[in-house]
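All residue numbers in this chain count up from 1 along the given sequence. This structure is a prediction, so every number in the text was calculated from the model and none was measured.
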Amino acid sequence: MQSPTINKAMEILQQLRSISEGTDSISVKLNGIVQMIAEKMGADAAACYVTVEGNRLALFAGYKMNPEAQNKVIFHFGEGLTGEVAADSRTLSVADVWSHPKFVHKEELGEDEYKSYIGVPLIRWKRSIGVLVLQNKKVHEYSAMEIEILETVAMVLSEIVSSEEMNEFKKEFSKSTALNDREKLKGVSLSKGYGLGVSVVHRRRQAVTKIFAEDKEKELHRLEIAFGQMNVDLDKKITEAKLGMGEHVDILDAYRMFASDKGWYKKIANNIQSGLTAEAAVERAYEDMWNRLSGTTDTYLRERLHDLRDVSDRLASYLSGDFGSVKKVDAKDIVVIAQTMGPADLMDYDYTKIRGLIIEDGTPTMHVAIVAKALNIPVVAKIKGIFSEAKTGELVAVDGMDGYVYLHPSMQVQQKFKEKIAQRELLQAKLAELKDLPAKTKDGKHINLYLNVGLSFDLDYIDSTNCDGVGLYRTEIPFMTSDIMPDVNRQVSYYQELMDKAGDKKVIFRSLDVGSDKLLPYWGNVGEENPAIGWRSIRITLDRRAILRKQIKAFLRAAAGKELNVMFPMITNLAEFEDAKETLMIELEKEKRKGDSVPKKVNVGLMIEVPSVIFQLDEILPKADFISIGTNDLAQFIFACDRGNPRLTERYDVLSAPFLNVMREIVEKANKYGVYCSVCGEMASNPIEAMALVGLGYRNLSMSGSSFGRVKGMVRSMNAEEVSDYIHSLLKSGKRTLRPQLISYAHDHGIEIY
């Protein structure tokens with residue numbers, strides 16, 4: 001005898017087959033199927049959403065919904081309850097939607113009287129191709145039997161939704177919406193947020209019209225004046241800008257160094273000597289570099305080519321005398337549209353007025369995108385043709401959350417954007433109020449929050465955030481921005497400034513970490529095929545021991561009378577750590593014998609970045625005072641994934657069971673040996689990822705200054721023990737990522753992750 005569940009499912013499936021095999025259009029069929037399912041399941045309303053354009057859900061069929069909403073209502077993956085079902089590919093049942101934090105009310109649906117909700121994903125090849133939704137006017141808990149029936153029905157409905165007839169219908173739908181909604185363009189989000197402003201098309205590059213010089217000396221003089229003025233202006237713009245600190249500042253300083261490079265200047269001058277005008281000489285210098293490096297797969301070098309293109313265009317604009325025209329935009333709020341941009345281009349505008357940035361050729365690793373992100377400017381890229389079509393002076397809205405751009409937005413769209421912008425401003429104000437509040441979870445767990453510091457002369461975040469200290473000082477940045485190798489005294493001045501600024505707060509210095517994508521201008525490029533796993537970091541300084549000894553001397557002298565914390569990066573095995581530690585201890589003894597003042601205490605630690613060292617933790621931890629995990633490199637090596645490759649950007653996730661299990665093992669081993677353990681990689685700067693780290697047992701996080709308030713807000717809104725229980729229940733999951741589950745958990749438990 002068959003169970004009631006099977007009987008009910010079979011009854012619905014038989015009618016579903018009957019309707020689908022009819023001669024009506026696919027639209028009529030789908031509406032009939034939705035009505036039949038609703039009636040059989042006792043629902044007051046039903047809908048079928050179908051995936052279009054990759055990550056949008058369009059209402060294709062409805063029962064007891066506003067008929068005018070069909071083919072018009074759109075949910076993005078992750079938006080509202082229906083978008084959550086599609087993004088997570090799992091059934092979601094809610095007894096009362098109006099009390100659920102993820103519920104998004106769309107007035108045009110006409111669903112005001114409905115309370116209960118169940119959404120079932122339609123899955124094909126492990127991907128959501130739609131969502132079946134049932135709703136009731138009364139609060140209703142869907143039973144396990146009802147859910148089983150609907151999931152069985154959804155399997156068959158998925159076949160219909162993926163049929164050729166349906167695909168043709170979806171194509172026509174996409175064409176019609178493209179014509180009716182031309183103002184809405186889909187791109188790729190590179191920086192989150194919302195922006196509304198007047199468009200400014202960024203045009204600076206001009207074609208070279210005169211190739212051969214009539215007077216070489218005159219051209220050399222023009223070059224000298226333009227080169228000098230460009231660098232004076234760059235120094236002024238970047239120094240005066242209040243940019244905080246972090247990777248974006250590192251990028252701008254490296255760019256400034258690039259613009260003043262004497263070797264580049266000499267190549268241009270030599271081209272003038274060969275008979276070219278200054279403008280043509282600049283372009284020839286760029287072309288020569290392009291011909292040599294355009295075939296490289298190295299991310300660092302590719303980005304340097306972008307920087308060279310920008311600085312070449314910048315110098316050409318000074319030569320032509322038209323530099324500064326971008327300042328003539330008379331608008332309170334602007335959105336910059338460019339085909340490509342260099343990181344310093346944002347400084348040419350009053351960047352406090354920039355509400356959005358659209359880059360046709362942008363990538364996540366593009367330097368201008370990183371700088372814009374640090375300035376809280378939403379960025380959308382990969383919208384083909386927008387640079388040639390856009391005109392200065394038109395109203396534009398930028399949705400950096402979902403990657404959309406609205407040209408000539410309607411009043412309704414403008415109002416929605418203003419509301420979203422106001423909400424984010426309220427959030428920023430709320431984060432500012434957290435400064436003097438403790439970073440303590442709801443169940444009383446104190447989380448130490450530190451800063452990652454890039455440049456020693458820009459340390460405003462130490463005061464503005466009221467952080468617990470500096471969890472990572474990147475000592476390579478002064479080396480990269482110097483024309484020559486900094487001597488001991490010069491290094492002491494850098495480190496002392498930081499120690500003075502930090503006062504009694506903890507400061508952790510990372511020894512020189514160069515190589516790979518961090519090249520020093522006064523060192524020759526060793527030309528490695530795989531620099532990320534080549535001669536870099538501690539491998540260089542152990543081979544060139546004099547560099548390490550000088551830096552250690554500077555550490556010891558800068559921290560005289562205070563506590564000194566030094567960690568060594570890229571440690572691969574116990575022998576390397578012992579070798580580096582011994583070098584430090586020898587220098588300490590030398591300073592003592594000389595009678596010089598030394599730190600009152602010296603702690604020696606290491607970065608956990610290379611997987612091999614994880615297998616030696618039992619041997620290493622008893623000999624280390626602390627460890628800090630660099631999740632960027634650790635994830636790159638564990639997944640064998642170049643983190644700078646745009647094709648792999650979203651392929652692997654640190655919020656996956658394999659990586660989280662590695663992180664769990666590290667912190668559990670550290671706790672076992674009583675060793676201070678922190679995370680200083682990007683995971684600690686992202687609220688949802690930081691939530692996972694706290695759940696795994698981490699109590700020390702170091703992050704970028706721009707992320708500090710958001711992470712602190714997350715910490716204060718979470719219950720550490722409850723999150724711990726939940727995340728440990730997921731660690732055997734075979735899913736590619738646990739991010740959707742963790743985001744849903746955060747929403748359900750009121751944890752602030754934005």
Side-chain angles (χ1 to χ4, degrees), residues 78-81 83-84 87-88 92 94 96-104 192-194 376 401 419-451 461 464-468 471 631 654-655 660 663-664 667 678-679 682-730 737-754:
E79 179 190 9
L81 300 176
E84 188 77 7
D88 200 20
L92 176 62
V94 179
D96 184 0
V97 295
W98 298 95
S99 62
H100 196 284
K102 278 291 287 183
F103 176 64
V104 173
K192 303 294 184 184
Y194 299 97
N376 294 315
M401 304 305 290
E419 291 171 1
K420 290 176 179 179
I421 292 167
Q423 289 171 3
R424 286 184 67 84
E425 289 174 349
L426 286 174
L427 174 62
Q428 293 300 319
K430 182 179 178 181
L431 294 179
E433 295 172 0
L434 295 175
K435 177 183 176 181
D436 298 320
L437 299 176
K440 187 178 288 186
T441 64
K442 285 186 173 181
D443 55 337
K445 302 292 190 300
H446 183 80
I447 311 300
N448 296 305
L449 301 181
Y450 301 93
L451 290 174
Y461 276 123
S464 65
T465 61
N466 193 26
C467 62
D468 290 298
T631 53
V654 292
L655 290 184
L660 292 176
M663 296 297 291
R664 179 189 63 172
V667 72
S678 69
V679 176
E682 288 181 8
M683 273 190 86
S685 294
N686 186 310
I688 189 64
E689 293 168 12
M691 181 191 84
L693 291 172
V694 173
L696 290 174
Y698 287 89
R699 297 295 179 262
N700 303 290
L701 305 177
S702 190
M703 65 212 67
S704 63
S706 59
S707 301
F708 192 93
R710 294 165 58 231
V711 173
K712 190 172 186 180
M714 179 280 298
V715 167
R716 289 180 52 82
S717 64
M718 73 178 289
N719 182 301
E721 289 298 327
E722 290 179 0
V723 171
S724 179
D725 290 341
Y726 180 67
I727 198 165
H728 279 84
S729 73
L730 299 176
T737 175
L738 302 176
R739 191 175 295 271
Q741 291 94 314
L742 290 170
I743 291 174
S744 295
Y745 179 91
H747 285 309
D748 292 344
H749 292 78
I751 301 174
E752 299 173 5
I753 57 172
Y754 295 113

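Evaluation of the salt bridge (Lys or Arg N to Asp or Glu O under 4.0 Å) rule for Glu721 yields Lys445 as partners, not counting sequence neighbours. The side-chain contact (heavy atoms from CB on, under 4.5 Å) search around Asp725 returns none, not counting sequence neighbours. Under the side-chain hydrogen bond (donor to acceptor under 3.5 Å, both in side chains) criterion, Asp443 pairs with Thr441, not counting sequence neighbours. For Asn686, the side-chain contact (heavy atoms from CB on, under 4.5 Å) test picks out Ile688, Glu689, Arg739, with sequence neighbours left out. A search for ring-ring contact (aromatic ring centres under 6.0 Å, His included) contacts involving His749 returns Tyr745, not counting sequence neighbours. Partners of Ser685 by side-chain contact (heavy atoms from CB on, under 4.5 Å), not counting sequence neighbours, listed by chain and number: Met703, Ser704, Ser707. Applying the salt bridge (Lys or Arg N to Asp or Glu O under 4.0 Å) criterion to Asp88, with sequence neighbours excluded, gives Arg90. With sequence neighbours excluded, the residues that form a ring-ring contact (aromatic ring centres under 6.0 Å, His included) with His747 are Tyr754. Listed by chain and residue number, Ile751, Glu752 satisfy the side-chain contact (heavy atoms from CB on, under 4.5 Å) test with Ser717 (two or more places apart in sequence, or in another chain). Among residues two or more places apart in sequence or in another chain, the side-chain hydrogen bond (donor to acceptor under 3.5 Å, both in side chains) test is passed with Gln741 by none. In terms of the side-chain hydrogen bond (donor to acceptor under 3.5 Å, both in side chains) criterion, residue partners of Asp748 (sequence neighbours excluded) are, by chain and number, His100. Remark: Thr631 pairs with no residue by the side-chain hydrogen bond (donor to acceptor under 3.5 Å, both in side chains) rule, at least two apart or across chains.
Closest heavy-atom contact between Ile727 and Ala692: CD1-CB, 3.4 Å. Of all heavy-atom pairs spanning Arg710 and Pro687, the tightest one is NH2-CD, 3.4 Å. The two residues Ala684 and Leu701 come nearest to each other via the heavy atoms CB-CB, 4.1 Å.
A distance-only check finds a donor-acceptor pair linking the side chain of Arg699 to the backbone of Val694 [under 3.5 Å]. A donor-acceptor pair under 3.5 Å is absent between the side-chain atoms of Ser724 and the main chain of Ala720, judged by distance alone. Although no hydrogens or angles enter the test, the distance criterion places a donor-acceptor pair under 3.5 Å between the side chain of Ser702 and the main chain of Leu451. Using modelled atom types, no side-chain atom of Lys420 and backbone atom of Tyr194 make a donor-acceptor pair closer than 3.5 Å. No side-chain donor-acceptor contact under 3.5 Å links Asp468 to the backbone of Tyr450.
Summarising the geometry, atom OG1 belonging to Thr737 is positioned 8.5 Å from atom CG belonging to Leu660; distances are rounded to the nearest 0.5 Å. With rounding to the nearest 0.5 Å, the separation of CD1 in Ile743 from CE in Met691 is 8.5 Å. Here the straight-line distance linking atom NZ of Lys192 with atom CG of Asn376 works out to 14.0 Å at 0.5 Å rounding. We find the CG-CG distance between Leu742 and Leu730 to be 6.0 Å, quoted to the nearest 0.5 Å. In this structure, the separation between CG on Asp96 and CZ on Phe103 is 9.5 Å, given to the nearest 0.5 Å. Rounding to the nearest 0.5 Å gives a distance of 8.0 Å between CG of Asn719 and NZ of Lys442.
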Stepwise side-chain contact (heavy atoms from CB on, under 4.5 Å) check, Val654 with Glu682: CA-CA 10 Å; Val654 292; Glu682 288 181 8; over 6 Å; no

